[in-house]
Structure formats: structure tokens, C-alpha cells
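Note on naming: letters A, B, ... go to the chains in the order of the sequence lines (proteins, then strands), and numbering restarts at 1 for each one.
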Number of protein chains: 2
Amino acid sequence: MVQKRNPPAPRPKSAKPGLAKPAAARPEPPSGGVPPKRRGRPRAYEPDVALARALDVFWKDGFAATSLDDLSAATGMNRPSLYGAFGDKRELYKKTYESYRNRARARMGEVFAADMPLRPMLERIYGIALEMYLSGEDGPRGCFTVMTAASEAVFDPDIRAMAVSGLVEMDRFFARLFRTAQERGELAASADPQALASLASATIHTIAIRARARMPRADLEAIVNGAIDVMLRG
Amino acid sequence: MVQKRNPPAPRPKSAKPGLAKPAAARPEPPSGGVPPKRRGRPRAYEPDVALARALDVFWKDGFAATSLDDLSAATGMNRPSLYGAFGDKRELYKKTYESYRNRARARMGEVFAADMPLRPMLERIYGIALEMYLSGEDGPRGCFTVMTAASEAVFDPDIRAMAVSGLVEMDRFFARLFRTAQERGELAASADPQALASLASATIHTIAIRARARMPRADLEAIVNGAIDVMLRG
DNA sequence: GCTTATTTATACGAAGCGGTACATAAATCA
DNA sequence: TGATTTATGTACCGCTTCGTATAAATAAGC
């Protein structure tokens with residue numbers, strides 16, 4: 001039950017007791033990268049797009065309900081290739097999660113860089129969040145971090161640490177937002193940026209959960225608008 | 001991948017084509033209930049406690065990661081008994097979820113009946129929530145509804161409907177709270193009880209997620225206090 | 001050409017899964 | 001007592017799961 005999640009520890013890999021690692025991405029001379037003239041048979045996949053496909057599946061079904069066959073079908077890679085490229089299921093999950101985080105961070109970074117007044121800024125952030133959480137071919141998928149934090153993946157210390165850092169990162173992002181808005185006088189001096197940041201994160205979380213449960217988009221938008229009003233002392 | 005979740009449809013059960021249902025709880029003459037003198041071999045389990053044990057497991061691990069062996073071990077019932085009493089894994093899940101909802105509803109009902117001023121009322125509600133979400137022998141378990149909504153369990157329409165109704169019920173509970181507080185003048189007349197209710201629910205959700213990710217209790221309490229201050233126009 | 005390096009493709013194996021047949025046990029009813 | 005009813009315990013079934021062993025394919029280096 002506990003041990004179930006820590007499988008029997010891979011055997012030393014028959015021959016080659018030395019470099020048993022799943023290879024993954026070789027050093028590969030920086031990124032000046034013309035064809036690096038690799039030696040053996042060329043890959044039939046691009047690691048980045050394969051990872052994105054795997055993300056789609058994990059995002060939709062969660063860790064436990066996703067099988068290697070699902071991942072194989074989604075990426076077009078057969079099982080040994082998958083294993084060779086990304087390691088086992090858990091490692092693959094971590095890598096997809098990392099790519100998700102990077103993507104989300106990038107989008108949030110853009111918004112912050114846009115440097116606009118607080119209210120439209122918040123509206124834009126929540127607009128992006130709704131777009132992400134409601135997307136998905138087979139219905140809304142919610143937020144990967146929330147899924148991860150809520151699901152059994154938390155039993156892995158690494159994954160849990162990643163989830164926590166995802167939550168904290170979002171808190172800090174909002175806190176910075178409110179702090180600068182306050183400095184500019186867009187927010188009452190008596191306001192507590194930290195508390196507002198928590199509420200802003202909480203609003204993200206609640207729409208993620210509700211999107212996943214397939215609540216109608218209009219409801220989610222109403223929640224967002226109400227939250228913004230309160231946060232801005234409507 | 002989709003069909004995976006809708007297994008081959010149970011065969012008509014060999015003999016007895018008529019009453020094939022898993023029996024569950026027989027009518028059982030109201031509740032005046034001295035020993036009802038049932039006919040065959042007596043049960044070796046109490047349905048209520050068995051359900052509570054099953055809830056513990058599902059709550060900790062989620063639907064997909066919980067095996068019938070886990071449930072069997074937790075309840076002390078062997079697999080056929082489990083099946084006879086509660087139906088298959090999905091049905092058992094639904095029944096455990098229902099019992100969870102009833103429990104949560106009862107506790108919230110108590111608080112509402114206590115009829116105290118808004119702030120201590122909120123403090124007490126979040127206190128109960130934290131207690132529930134942080135409990136669990138192997139670490140905090142968060143909120144079952146959030147877990148359910150976030151996990152693959154939502155792919156079942158029934159379960160999704162239950163999850164949505166759980167979310168809506170909490171919204172309504174908070175809305176009623178804020179409305180009566182407003183009528184009593186404990187809340188500014190300009191306040192929007194609906195929006196505040198969403199935020200109050202969102203705060204529940206965010207602490208559920210964070211508890212599950214094992215954020216320290218003090219952090220969760222700080223979030224709750226900040227949220228209450230903002231909601232009450234601190 | 002042959003050797004070496006790297007990836008793909010097939011296919012297997014041990015373990016786990018949900019569910020059920022079947023025989024046994026323990027109670028009531030006649 | 002024996003028939004009937006209900007629940008248990010064992011053992012099994014077919015299927016899926018994750019991971020890997022092995023062989024074939026495709027490239028570069030010589």
C-alpha cells in the first residue's frame with residue numbers, strides 16, 4: 001500500500017554495470033546546434049513535443065489512472081523508447097510537470113511585464129487561467145498543480161516539493177502585484193498585500209477545481225469578477 | 001482509455017436472472033430496531049464502520065490508486081463480502097463519498113445552529129475545516145470533495161454531479177451566513193454576500209489543497225485569518 | 001565492406017487488478 | 001432433525017500494468 005508506490009528498485013541492468021542511467025538528453029554541444037552528427041539510429045520523436053503530449057494525458061487523467069500504454073499512444077513512442085528517454089512513469093511525470101510549470105511561469109511573466117493598472121491586470125490573469133483550465137479536448141482539465149497536490153502524487157517527496165513550490169510561487173507573484181499596486185496608490189494603504197495574495201491564489205484554486213468538475217464558464221467568470229471586486233474594495 | 005473506466009458490464013450473474021442487485025441494506029423494519037432476527041449467517045462486520053474505513057482509504061489515496069485489496073484489508077471484509085454489501089468499486093466510492101458529505105453537512109449544520117456573530121462563526125468553521133483536512137494517520141488528507149473533483153473520479157457523471165453539488169452546497173451555506181449577518185448589521189449593506197460566499201469557499205479550497213501538499217498548519221491559519229479580515233473589511 | 005553506437009520494434013514475464021464461482025459456515029424456520 | 005437462507009473464505013479467471021530482454025534497424029567511423 002505504501003510500498004506499492006516504490007517498486008522493487010530496478011535491477012543493475014544486466015550487462016553494463018556502469019552508466020545505467022536512462023540517457024535522457026545527452027550533453028549536446030550548447031545550442032549553436034546545426035546537426036550534431038550523432039552516431040546511431042536517429043530518433044523518431046522530438047523530446048519537446050513528446051513531453052507536451054505526455055503532459056496532455058497526465059493532465060487529463062492524473063498520475064494513477066494514466067498507463068504507459070496511454071502515454072505510448074499519445075507520444076507515438078513505444079514503451080522502451082519512452083523509458084530510455086524519460087525514465088520510468090514517475091520521472092516522466094516529474095518532467096511533464098516541470099514543463100507545465102515553465103509554461104505557466106512564462107505566461108504569468110508576460111502579464112507582469114505588461115505593466116498595466118491592477119484591475120485589468122487581474123482580469124487578464126484570470127482570463128488566462130480560465131483559458132488554461134477550461135481547455136482540453138475531452139473537457140476542462142483544471143490546473144495541473146492543483147491536480148498534483150490533491151492526488152496521490154503527493155506521496156512522492158519530490159513531487160510534493162514541486163507542488164508546494166508551485167503554490168508558493170503563485171502566492172509570491174500575486175503579492176508582488178499587490179505591493180507594487182499599493183506603492184502606486186492603486187490600492188488603499190491599509191490593504192494587506194499578503195492577505196490579498198492568498199485570496200487571489202485561492203480564487204485561482206477554486207476556479208481550477210470547479211472547472212474540473214465542469215461547472216459552466218459563466219459561473220467561473222462571475223466568481224472571478226466578484227473576487228476582484230472584493231479584493232479591490234468594490 | 002475511455003472504455004477503461006466502463007468495464008465489460010457484469011454478466012447476468014449465471015443463475016437467478018431476476019434479483020441480481022447487490023442486496024445492500026435490506027428494508028429492515030424502521031429503526032425501533034431490537035435484533036431484527038435475520039435469517040441466515042450473521043454479518044461479521046458493521047456496515048457503518050466498514051464504510052468509514054473505506055472512506056479513510058479512498059480519502060488518503062484517491063479512487064484510482066486504491067485497490068480492492070486495500071479496501072478489503074481496511075474493512076476486514078473479504079472481496080466477495082465487500083461486493084455483496086456495497087457493489088463494485090465505483091459504487092463503494094459513491095457510498096463512501098455520500099457518508100463523507102453527510103458527516104460534513106452535520107458538522108456545518110451544528111455551527112450554523114450555534115447562532116453566533118459572524119467573525120467567531122467563520123473562525124469556528126475554518127477551525128473545523130483545518131481539523132478535518134489536517135487529520136489522517138499518514139499525513140493530511142485535504143478535502144474529499146476537492147480530491148474527488150480533481151481526480152479521475154469526475155469522469156463518472158454521477159460522481160461529478162455529487163462533487164458539483166458538494167461545491168454548490170458549501171457556496172450556499174456561506175451565502176446564507178453572510179446574508180443573515182448583513183441583515184443583522186454585522187456586515188456593510190454594500191457588501192455582496194454572493195461574492196463573499198465564493199471567496200469563503202475559495203478559502204476552504206485553498207487550505208484543502210495546501211494541507212494535502214503538507215504546508216505547515218501555521219501558514220494555513222495565517223491564510224484563514226487574512227481571508228476573514230478581508231471578507232469583513234479588516 | 002565491417003565495426004560500433006544508438007534507436008526502434010516485438011514480445012515477454014511477473015505482478016497486480018477487479019470481479020466471481022464454488023464450497024463452507026452459521027443462523028432461522030419447519 | 002433437515003431444509004433454507006445468508007454470509008464467509010479460498011481460489012481462480014481473464015485482463016491490465018509496468019518494466020525489460022532481445023532482435024532488428026539506421027546512422028557514423030574506419
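Partners of B:K89 according to the side-chain hydrogen bond (donor to acceptor under 3.5 Å, both in side chains) rule, which considers only residues two or more places apart in sequence or in another chain, do not exist here.
For B:R41, counting side-chain heavy atoms from C-beta on, the closest listed nucleotide (D:dT8, D:dC18, C:dG18) is D:dT8. Each of D:dT8, C:dA9, D:dC12 was ranked by its minimum atom distance to the side chain of B:R79; first place goes to D:dC12. Checking D:dT8, D:dT20, C:dA26 against every side-chain atom of B:P42, the shortest atom distance belongs to C:dA26.
Side-chain atoms of B:N78 and B:S81 include a donor-acceptor pair closer than 3.5 Å. Counted by atom type alone, B:D70 and B:S67 present one or more donor-acceptor pairs between their side chains at under 3.5 Å.
Here D:dC15 presents its C1' atom at 16 Å from CG of A:L68, a figure rounded to the nearest Å. Rounded to a whole Å, the OH atom of A:Y93 is 18 Å from the C1' atom of D:dC18. Summarising the geometry, the separation between CD on A:E91 and C1' on D:dG19 is reported as 13 Å, rounded to the nearest angstrom. One interatomic measurement links the two molecules: CZ of B:F63 to C1' of C:dC17, which rounds to 12 Å at whole-angstrom precision. Rounded to an integer number of Å, the gap from A:L82 CG to D:dG19 P is 11 Å. Following rounding to the nearest Å, B:D69 (CG) and C:dG18 (C1') show an atom-to-atom distance of 9 Å. Remark: P of D:dT17 and NZ of A:K89 are 9 Å apart, rounded to the nearest angstrom.
OP1 or OP2 of D:dT8 sits under 4.0 Å from a side-chain N or O of B:S81. Residue B:R43 has a polar side-chain atom (N or O) positioned under 4.0 Å from OP1 or OP2 of D:dA7. An OP1 or OP2 oxygen of C:dG18 is reached within less than 4.0 angstrom by no side-chain nitrogen or oxygen of B:Y83. An OP1 or OP2 oxygen of C:dT8 is reached within less than 4.0 angstrom by no side-chain nitrogen or oxygen of A:N78. Distances shown here put a side-chain N or O of B:R38 below 4.0 Å from the OP1 or OP2 atom of D:dA7.
Remark: aromatic rings of A:Y93 and A:Y100 are distant, center separation not under 6.0 Å.
Note on ring orientation: taking the six-membered ring where Trp is involved, the planes of A:F144 and A:W59 are perpendicular (angle over 60°, cut-offs 30° and 60°).
A:R39 contributes a side-chain N or O that forms a donor-acceptor pair with the base of D:dA28 under 3.5 Å.
Closest-nucleotide positions on DNA chain C for B:P80 and A:G40 were compared, and the one nearer the 5' end corresponds to A:G40.
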